Q: 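Pasting in a structure now, in structure tokens, and then I'll have a few things to ask.
Keep in mind it's a predicted model, so treat the numbers as computed, not measured. Order of the sequence lines sets the chain letters (A, B, ...), proteins ahead of strands, with each chain counted from 1.
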Amino acid sequence: MAKKIKISELGSLFNGMDVESLEGVTIEGDIELEMDTAGGLDPQLAYMLGHETAQVAQHLINISRLLGYPVDQLFGAMAQAAVSGVTRPQELLRSKFEVGRMDDWKNPIQEVTLGATSADGGSRGSTVTLGGENALPYYFDSPMPHRNFVTMDVFDMAIGMAKAVKVNYEDVIESPAEWAKKVVKDFNADMVTIHLISTDPNIKDTSPKEAAETVADVLQAVDVPIVIGGSGNPEKDPEVLEKAAEVAEGERVLLASASLNLDYERIARAANQYGHAVLSWTQLEINAQKELNRKLMKQCDVKREDIIMDPTTAALGYGLDYAYTNMERIRLAGLNGDDELSFPMSSGTTNAWGARESWMVKSPLKEDSDWGPREYRGPIWEIVTGLTLALAGNDLFMMMHPGAVAVIKEITQSLHGSLERDTVDISNWVTAEV
Amino acid sequence: MKINSPLEVYKYLPQTNCGECGEATCMAFGSHVIDRSLQLEDCTPLLEDKFKKKYLELSELMAPEIREVTIGVGERAATVGGDDVLYRHQLTFFDQPALAVDVWDTMSEAELVERVKFITDFKKFYVGRFLRMDMIAVRCTSGDPGTFRETVSKVMENTELPLILCSLDPEVLKAGLEVAGDNKPLLYAATKDNWQAVADLVLEHDVPTVLFAPDDLDTLKSLAGTFLEMGRQDLILDPGTNPQGTMLRESFENFIKLRRAGIKEGQRDIAFPLMSVPMTAYLTAGDEVSSSYWETVLASVFTVRYGDIMILHSIEPFALLPEMHIRDTIYTDPRTPVKVEPKVYEVGSPGKDAPVIVTTNFALTYYTVESDLASNGIDCYLLAADTDGLGVEAAVAGGQLTGQKINDEFKKVDFDFHEKTGHNTIILPGLAARLQGDLEDATGLNVMVGPQDSGQIPPWMEKNWPPKPK
Ligand code: SF4
């Protein structure tokens, strides 16, 4: 049975009473309230309706609560109608969220395997396969077939390093083989990069033969796949890498690097002859990357499964925006069908240590706030630099700091979906005591 | 944006080529509107009554796919959202993400005031301006509206930064609004359980609000649709930021799904800015440094992939610095030139004993060196050698910076060492040390090798300048 109560009646009912609660009152059946502003209304209420409608609404809600009748929603909606001319729906307007998959990513990225086990004529204990993606990294459109990998830097001579890095290597800095063992055993490196920097004529001018011996030592010391890097001297690198490729025959190393400013043909030939892969290195220029890849394939007969690209890594705050966008464009071009750019990518993430924020004791600028202790700045600079490029499509990271390596692995594998961790209840993070 | 050619914009313009907008023609103005370097309102004739209809139509067509939401009032008010593309190279990202740091209402007053001031004042100079934090998120951990109200007042006494009022209890939010309601704070948050009461507050105070539906895009969309129905456009969506494991991957996917739906598929009812809460890193076990690191990692992930506003906890500089930098990295306009004009610049007013320093014309390198010199009051000549926009290290490795090249560059601008200086000396960047011999041969001048980083030029100068006669 429905009973109608007019607001004027309510008004007179409670007029002048200081009502806190109504006991022993129950209402059964439907109840209907009419907002009737004409006649018979307590002038006080009329005034409020005209000027303080929100308060009236509150008043009504309170009364209804006192009556024990759950009409919050009804009154709420009316109150809002009165306040802003907008009706608050009483129920959530239910809808379903849907979104499509990308249909223009039709071209898979080339798969490239580094390292060879005894089954394939090498002596590595394991191999690393990069590439094979059909989508941007970690996107739901298509699972990423391989996780990201980290190759840690080893140098063939003692070099200058930021303090936070150096403390990890002081005991092995004189021995590339020991250094390599340490990064694999203690720091969980998936691969090792041996940088033959002492071969630079302006540094020690180590002979290619001697450098090749260092490579042999490293291959002996660890059984993960390796990358062999030259000194960056364009005259010397081809012969150094040729010799190194020869001693590493059958191990399927990555030769770093072929670039447009040196005799890339010699490096490509060495890779072909001894069964290695080539790192195709260009400097932040997508068209140069295309050109070099094309030359490697067409002019030097390097097979698609032997090419990895290094489009150059600039540190956070020092051109990472260019490096990021360059990589993202390269990856999107590859997925969209450009077969001159559909190769896995590698990043010299160690470059992050060139950023002054990584190693300087304090800011050189007087205007800056305190930068805090530098030993924590360096590793996070390397992490954020690498992580940003991971999101752009980078597959392999050349890194230096063990802590940074651990974090890069944790985050890339989490996004990849291959790491199980406890589920955390985030629904009430607001009240967390931290 | 629903249109993307200057011609389509032109149709709506007065077509008088009057030049009021600063452009020679309406067509030129149209292309600036398309790349968003000028605003419709810059065409003042368009604002006249007779064009009102066209103006409104064009505004509608030109509105960014992702709505813009403004939080706060006054100079430090921040606008988030506004994006039109999924990848920055397609145009640029607009309205860089707002970084908010939390405070909570169970802190002691002294701690609270200190923390608020620290967040407000933290700054880092970068390429001609300061990077800063943007907001304070006040969390209710007491559960008590009165305590929250007092904390919000205290925060407001100590900062001009916009506030995010954080509690899932509408009574607490109401208490916060009693003191902050006129300053357009952002409410956090309406959920499937409290949305009615939060909606009432939003309608009453006309403030922006976050809709929070962890791991449930259907509910998030339902909330957005419901608030839209009430005429609210200033909404921010939080699909939840799970801090680890496969749930983190799910959160990552949700951000991509929402943004793709908003921009690529034009789903207007979810085309709102997205909030990420990297501070959930603190809900996992870990010491302060690991949590701070992980929070920075999450902030970076969601800066790259579509977060428009973040709530953070750590105030360690090693967290704040990379967070501010990655935000700047992703939101820097890729259309601005990479290079500065290659020439010899004068820093301060160099005299005959002022050093001559070499760097490259990569804009970032040049501005870094220039600000280091200027900030330390070093008057000098600075050559920005044309390396095609490469930094020093890369240019030396790639052969774009050589001794011969540097000599040519000085020749090209007729820089006469004998006339301009009394020392006949060039200072090379430390990263170009290997060019020293080359450059001496090419120029016949004295060549010194400076520090590896221009930030160390001042102590280097103290030790090495003026050069001792040989
Ligand atoms: S102000 Fe408007 S009408 Fe005048 S030239 Fe510019 S776009 Fe055309």
Q: Could you look at I426(A) and say if it's the side chain, the backbone, both or neither that has a heavy atom under 4.5 Å from chain B?
A: both
Q: Taking R139(B) for the side chain and A432(A) for the main chain, is one N or O donor matched with an acceptor at less than 3.5 Å?
A: yes
Q: With a 4.5 angstrom heavy-atom cut-off, which part of E410(A) approaches chain B: side chain, backbone, both or neither?
A: both
Q: Rounded to the nearest 0.5 Å, what separation is found between the CG atom of L228(B) and the CG atom of L93(A)?
A: 10.0 Å
Q: Do side-chain atoms of E229(B) reach the backbone of R88(A) as a donor and acceptor pair under 3.5 angstrom?
A: no
Q: Need one label for L136(A): side chain, backbone, both or neither, based on atoms under 4.5 Å from any heavy atom in chain B.
A: side chain
Q: Report yes or no: do R260(B) and Y139(A) form a side-chain donor-acceptor pair below 3.5 Å?
A: no
Q: Using only atom types and a distance under 3.5 Å, with no angle test, would you say the side chain of K366(A) pairs donor to acceptor with the backbone of S375(B)?
A: yes
Q: Strictly under 6.0 Å, is that where the ring centroids of Y322(A) and F362(B) end up?
A: yes
Q: Using non-hydrogen atoms only, which part of D425(A) is less than 4.5 Å away from chain B: side chain, backbone, both, or neither?
A: backbone
Q: Where does Q400(B) contact chain A at under 4.5 Å (heavy atoms): side chain, backbone, both or neither?
A: side chain
Q: Closer than 4.0 angstrom, basic N to acidic O: yes or no for R88(B) and E328(A)?
A: no
Q: Under 4.0 Å between a Lys/Arg side-chain N and an Asp/Glu carboxylate O for K96(A) and D218(B)?
A: yes
Q: Thinking salt bridges, do D200(A) and R434(B) make one under a 4.0 Å N-O criterion?
A: yes
Q: Do S454(B) and R356(A) get their side chains close enough for a donor-acceptor pair, meaning under 3.5 Å?
A: yes
